[in-house]
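Being a predicted model, the structure only gives us computed values, none of them experimental. We count ligands from 1, going down the list as the structure has it; atoms in each ligand are counted the same way.
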Amino acid sequence: FLPKKKKQRDCLINLKIQKENPKVVNEIDIEDLRSTNVCYCRCWRSKTFPVCDKSHIKHNELTGDNVGPLILKKKTL
Ligand code: FES
């Protein structure tokens, strides 16, 4: 049986991104999207966080997880 604090540490999702901040928040103005598809990381493993760099593929292979990006699509008129 592990102490409660040790258990919580083992469950960290964010291992290295902006650890100096109490909370990681990213704000994106939808009007500033340049391309028609933009992928945002939800696995917290991207080297270009908050943008997905496909690191989730390796993470899923190693852990058996099933995470993937949030994809924002801009309608073309
Ligand atoms: Fe994190 Fe793709 S790299 S969701």
In ligand 1, which numbered atoms sit nearer than 4.0 Å to a non-hydrogen atom of S46?
-> 3 (S)
Just jot down the ligand 1 atoms closer than 4.0 angstrom to any heavy atom of R42, in number order.
-> 1 (Fe), 4 (S)
Rounded to 10 degrees, what angle sits at atom 1 (Fe) of ligand 1 between C41 SG and C43 SG?
-> 100°
Which one holds for H59 and ligand 1: side chain close, backbone close, both close, or neither close, with close meaning a heavy atom under 4.0 Å?
-> neither
So how far is it from Y40 OH to N26 CG, rounded to the nearest 0.5 Å?
-> 9.0 Å
How long is the gap from NE2 on H56 to OG1 on T63, to the nearest 0.5 Å?
-> 11.5 Å
Locate the shortest heavy-atom distance separating V24 from N14; write the atom from each residue and the value.
-> CG2-ND2, 3.9 Å
Do you see an N/O/S atom of H56, backbone or side chain, under 2.8 Å from atom 2 (Fe) of ligand 1?
-> yes
Please find out if atom 2 (Fe) of ligand 1 and some N, O or S atom of C52 are separated by less than 2.8 Å.
-> yes
Can you find a heavy atom in the side chain of [X] that is under 4.5 Å from one in the side chain of [Y]?
X	Y	result
W44	L12	no
V25	E27	no
V67	R42	no

Please verify whether a non-hydrogen atom of D53 lies at under 4.0 Å from ligand 1.
-> yes
Tell me which protein heavy atom sits closest to atom 3 (S) of ligand 1, plus the residue, atom name and distance to 0.1 Å.
-> S55 N, 3.3 Å
